[in-house]
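The sequence lines fix the lettering, A, B, ..., with proteins before strands; numbering per chain opens at 1. Basis for what follows: all heavy atoms, side chains included, without hydrogens, waters or symmetry-related copies. Worth saying up front: this structure is predicted, and the values here are computed from it rather than measured.
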Amino acid sequence: MQRTQILDALNAEGPKAEIRVCGWVRTRRDSKGFSFLELNDGSCLTNIQVIVDESVPTYQVIKDVHTGASVDVRGELVESPGKGQRWEVRCTELILLGVADAETFPLQKKRHTDEFLRTIAHLRPRTNKYGAAFRIRSEASYAVHNFYRERGFFHVHTPILTGSDCEGAGEMFRVTTLPVTGATKPESGNYFENDFFGRESSLTVSGQLEAELLTMGLGRVYTFGPTFRAENSNTPRHAAEFWMIEPEMAFADINDDMDLGEAMTKHVVQHVLDHCATDLNLFASFVDKELMGRLETLVKEPFARVTYTEAIDILLAAKKDWEYPVSWGCDLQTEHERYLAEEHFRKPVIVRDYPKEIKAFYMRLNDDNKTVAAMDVLVPRIGELIGGSQREERLDVLEARIRETGQNLDDYWWYLDSRRFGSVPHAGFGMGFERLLMMLTGITNIRDVIPFPRTPNNIEF
RNA sequence: UCCCUGGUGGCUCAAUCGGCAGAGCGGGUGACUGUUAAUCACUAGGUUACAGGUUCAAGUCCUGUCCAGGGAGCCA
């Protein structure tokens, strides 16, 4: 007999004479002569109630059916005479698939702290909160692909292994097959000539440069893949391995870029509001009481848009006691970004046209020669959700910027070719997928929106 | 990496001025014919993160180490 997912069983139109459900027992309640099981199979947040009478042939196994055990239940789907649920399964056959020893199984029927659950990340998908988080993660991922597909973007796969040490987005993890013993890098010569790729190679910190090359042939592309940063960051917003969405558009400018970032953010939020109501409600009820209001504002209202220069004026006018003093030319610190998004605008804000000195070489130089066509989307509580720019398409300007930032033109010969042959205005951005999920769920630590997070000193599981 | 706070049964926490290590939940045993955070009774469970030190006496004070959380930097 085919298994019915609990999601479908709970949404049944009418009773069923025969049904089979499988899942993990969340709790068991006994009375004399019968037991109730709360069964969850991950298909949805809600458990289904199973009533097992002592007349069931295998009733004696019920003593071993503890929280965490897995069972296969056959029976009848009937209207529940009790309160709290519409349907329940009246069991006629019970198979105990896997026991979970009550003395050693770490998950209890009570609430656990996130810190404790992180130490048992292999078991936390069986909890309400993490089940909901990972279902939302899946649905948000679908919404991303759906958004781009509807707009004529092609999903491209950029390399994870890279020989480019010029991506410039942070410290990189080295990839090597050389033995670890006694390996020290010599002062001169090519230490890596005997390595797998014959040169120094790393895990990617961004697919952007390759995405730019692909957009110059496919028109509109996006990547959605893992990204690796070897920074020793110890914050609730950083991970060493995270997933990033990087769209790139040919024949587009900074305004198109901002429009795309705003539309995409709204699309994913709206999709999750429409399709994950039950899971989202858990977060709105138990994690962040203001979540729904914030998400609804985000979807309804246009994002605020200011230039960097205007943002600096706002920060100066705020007359706050900044830990980092504000002046034109300084980089925006966390306290500044939070003030703009959380206190001044009270909604997502896009800041554009940053001083060229504090931004990457590939961002397009504005006519003032002082600023570049960069744009950051700052959202309340999360900070920088999106960082993007119109790319510098003019060969001479790009070469000058590479030199200015002390880099070697030869390292970029293939990237520069895209400007040498049929260069076009283009723009794109990077969005941290986990930060989007934090925004969607109200979860405050990035380690809790990734099933098995990688952070400094943490690569268990 | 820097700053702050913390580490006590399986989990969440308490322990006054340095003076007998406790509770709730969870577990076990039993009771209960519709429970739903089930309820009720009984019960077991501790090298107070680790290593030193001060003291008649250390969970508590001092030093070092490790780990965790928060803030900052770096960034998405």
Side-chain angles (χ1 to χ4, degrees), chain A residues 26-39 46-55 63 66-68 78-85 88 90 100-120 127-128 167-171 205-208 225-246 261 323-324 331-338 358-360 376-379 382-388 429-439 444-450 455-458 460:
Chain A
R26 287 297 175 77
T27 178
R28 184 186 98 212
R29 293 180 293 272
D30 296 324
S31 279
K32 189 179 182 69
F34 62 96
S35 300
F36 293 101
L37 304 180
E38 291 283 337
L39 205 61
T46 315
N47 305 322
I48 197 161
Q49 175 164 290
V50 177
I51 177 160
V52 188
D53 190 82
E54 63 183 340
S55 63
K63 67 180 193 319
H66 293 113
T67 298
V78 297
E79 277 196 66
S80 176
K83 288 181 179 143
Q85 63 278 318
E88 67 184 19
R90 186 169 291 276
D101 177 58
E103 299 214 16
T104 52
F105 183 62
L107 289 174
Q108 305 174 355
K109 334 186 218 191
K110 54 174 274 192
R111 193 187 169 280
H112 287 293
T113 59
D114 294 331
E115 290 79 10
F116 173 68
L117 290 169
R118 250 170 247 155
T119 69
I120 51 167
T127 65
N128 285 343
E167 296 185 35
E171 292 295 310
V205 293
S206 165
Q208 182 200 315
T227 306
F228 308 90
R229 303 275 168 93
E231 247 105 38
N232 189 14
S233 293
N234 292 285
T235 84
R237 294 181 299 282
H238 293 86
E241 177 182 295
F242 63 98
W243 286 63
M244 190 154 64
I245 300 145
E246 295 179 287
E323 188 184 343
Y324 294 85
D331 206 353
L332 295 184
Q333 302 297 317
T334 296
E335 57 173 342
H336 308 140
E337 294 181 348
R338 293 190 62 154
I358 59 172
K359 287 293 181 181
D376 285 355
V377 178
L378 312 176
V379 298
I382 308 298
E384 189 179 335
L385 176 67
I386 289 175
F429 63 76
M431 172 192 275
F433 185 53
E434 283 78 11
R435 291 194 178 167
L436 179 68
L437 292 172
M438 292 168 74
M439 189 186 83
T444 52
N445 195 312
I446 197 168
R447 295 167 177 90
D448 298 333
V449 295
I450 305 178
T455 53
N457 288 314
N458 179 10
E460 193 70 59

Atom pairs, protein N/O to nucleotides 4-8 of chain B N/O, distance under 3.5 Å:
none

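- Of the listed nucleotides (B:G73, B:G34, B:G27), B:G73 has the atom at the smallest distance from the side chain of A:His238.
- Note on A:Phe228: nothing from the nucleic acid sits closer than 4.0 angstrom, heavy atoms only.
- Annotation: ring-ring contact (aromatic ring centres under 6.0 Å, His included) contacts of A:Tyr324 (sequence neighbours excluded): none.
- Between B:U35 and A:Gln85, no contact under 4.0 Å exists linking OP1 or OP2 to a side-chain N or O.
- The minimum heavy-atom distance linking A:Phe105 with A:Gly68 is given by the pair CE2-CA, 3.6 Å.
- Between A:Arg28 and A:Phe105, the one whose closest nucleotide on RNA chain B sits nearer the 5' end is A:Phe105.
- Annotation: B:A21 and B:G9 have their C1' atoms spaced 11 Å apart (nearest Å).
- Ion pair A:Arg29/A:Glu38 flagged as a salt bridge, since at least one NZ, NE, NH1 or NH2 atom sits closer than 4.0 Å to an Asp/Glu carboxylate oxygen.
- OP1 and OP2 of B:G10 both lie 4.0 Å or more from every side-chain N or O belonging to A:Gln108.
- Not counting sequence neighbours, the partners of A:Thr113 by the side-chain contact (heavy atoms from CB on, under 4.5 Å) test are A:Glu115, A:Phe116.
- Partners of A:Phe433 under the ring-ring contact (aromatic ring centres under 6.0 Å, His included) rule, at least two apart in sequence or in another chain, are A:Phe224.
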Using a cut-off of under 3.5 Å, enumerate the N/O to N/O pairs linking the protein to nucleotides 28-32 of chain B.
{"from": "B:G28", "atom 1": "OP1", "to": "A:His66", "atom 2": "NE2", "distance (Å)": "3.0"}
{"from": "B:C32", "atom 1": "OP2", "to": "A:Lys32", "atom 2": "NZ", "distance (Å)": "3.1"}

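- With sequence neighbours left out, the ring-ring contact (aromatic ring centres under 6.0 Å, His included) criterion links A:Phe228 to no other residue.
- An OP1 or OP2 oxygen of B:C74 is reached within less than 4.0 angstrom by no side-chain nitrogen or oxygen of A:Ser233.
- Remark: the separation of the P atoms in B:U16 and B:A31 is 42 Å, to the nearest Å.
- Expressed to the nearest 0.5 Å, how far NE2 of A:His66 lies from CD of A:Glu103 amounts to 9.0 Å.
- Across B:U33, B:G73, B:C11, the shortest atom-to-atom separation from the side chain of A:His112 is found for B:C11.
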Could you list the donor-acceptor pairs under 3.5 angstrom formed between side-chain atoms of residues 237-244 of chain A and any protein atom two or more places apart in sequence or on another chain?
{"from": "A:His238", "atom 1": "ND1", "to": "A:Thr235", "atom 2": "OG1", "distance (Å)": "2.6"}
{"from": "A:His238", "atom 1": "NE2", "to": "A:Arg435", "atom 2": "NH2", "distance (Å)": "3.4"}

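- Without hydrogens or angle criteria, A:Asn445 side chain to A:Arg447 main chain gives a donor-acceptor distance under 3.5 Å.
- Taking the side chain of A:Phe116 as heavy atoms from C-beta on, and the options B:G73, B:G34, B:C11, the nearest nucleotide is B:C11.
- Using modelled atom types, no side-chain atom of A:Gln85 and backbone atom of A:Gln49 make a donor-acceptor pair closer than 3.5 Å.
- Among the atoms of the strands shown, base atoms are found under 4.0 Å from some heavy atom of A:Lys110.
- Between A:Thr334 and B:G73 there is a side-chain N or O to OP1 or OP2 distance below 4.0 Å.
- In this structure, A:Arg237 reaches the B:A72 phosphate: one of its side-chain N or O atoms is under 4.0 Å from OP1 or OP2.
- With sequence neighbours left out, the side chain to side chain donor-acceptor pair (under 3.5 Å) criterion links A:Asn457 to no other residue.
- Every stem involving RNA chain B, taken as at least 3 paired positions in a row under the Watson-Crick or G-U wobble test at 3.5 Å, is listed here: B:1-7 with B:66-72, B:10-13 with B:22-25, B:27-31 with B:39-43, B:49-53 with B:61-65.
- Toward the 5' end of RNA chain B, the nearer of the two residues A:Thr67 and A:Asp331, judged by each one's closest nucleotide, is A:Thr67.
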Is there any protein nitrogen or oxygen under 3.5 Å from a nitrogen or oxygen in nucleotides 41-47 of chain B, and what are the pairs?
none

Using atom names, set out every protein N or O paired with an N or O of nucleotides 66-70 of chain B below 3.5 Å, distance rounded to 0.1 Å.
{"from": "B:G69", "atom 1": "OP1", "to": "A:Arg118", "atom 2": "NH1", "distance (Å)": "2.5"}

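- Put simply, the side chain of A:Arg111 and the base of B:G24 share no donor and acceptor less than 3.5 Å apart.
- A:Thr227 places no side-chain N or O within 3.5 Å of a backbone atom of A:Val205 that could act as its donor or acceptor partner.
- Listed by chain and number, the residues in a salt bridge (charged side-chain N to carboxylate O under 4.0 Å, His left out) with A:Asp331 amount to none (sequence neighbours excluded).
- Separating the P atom of B:A68 from that of B:G30 is a span of 42 Å, rounded to the nearest Å.
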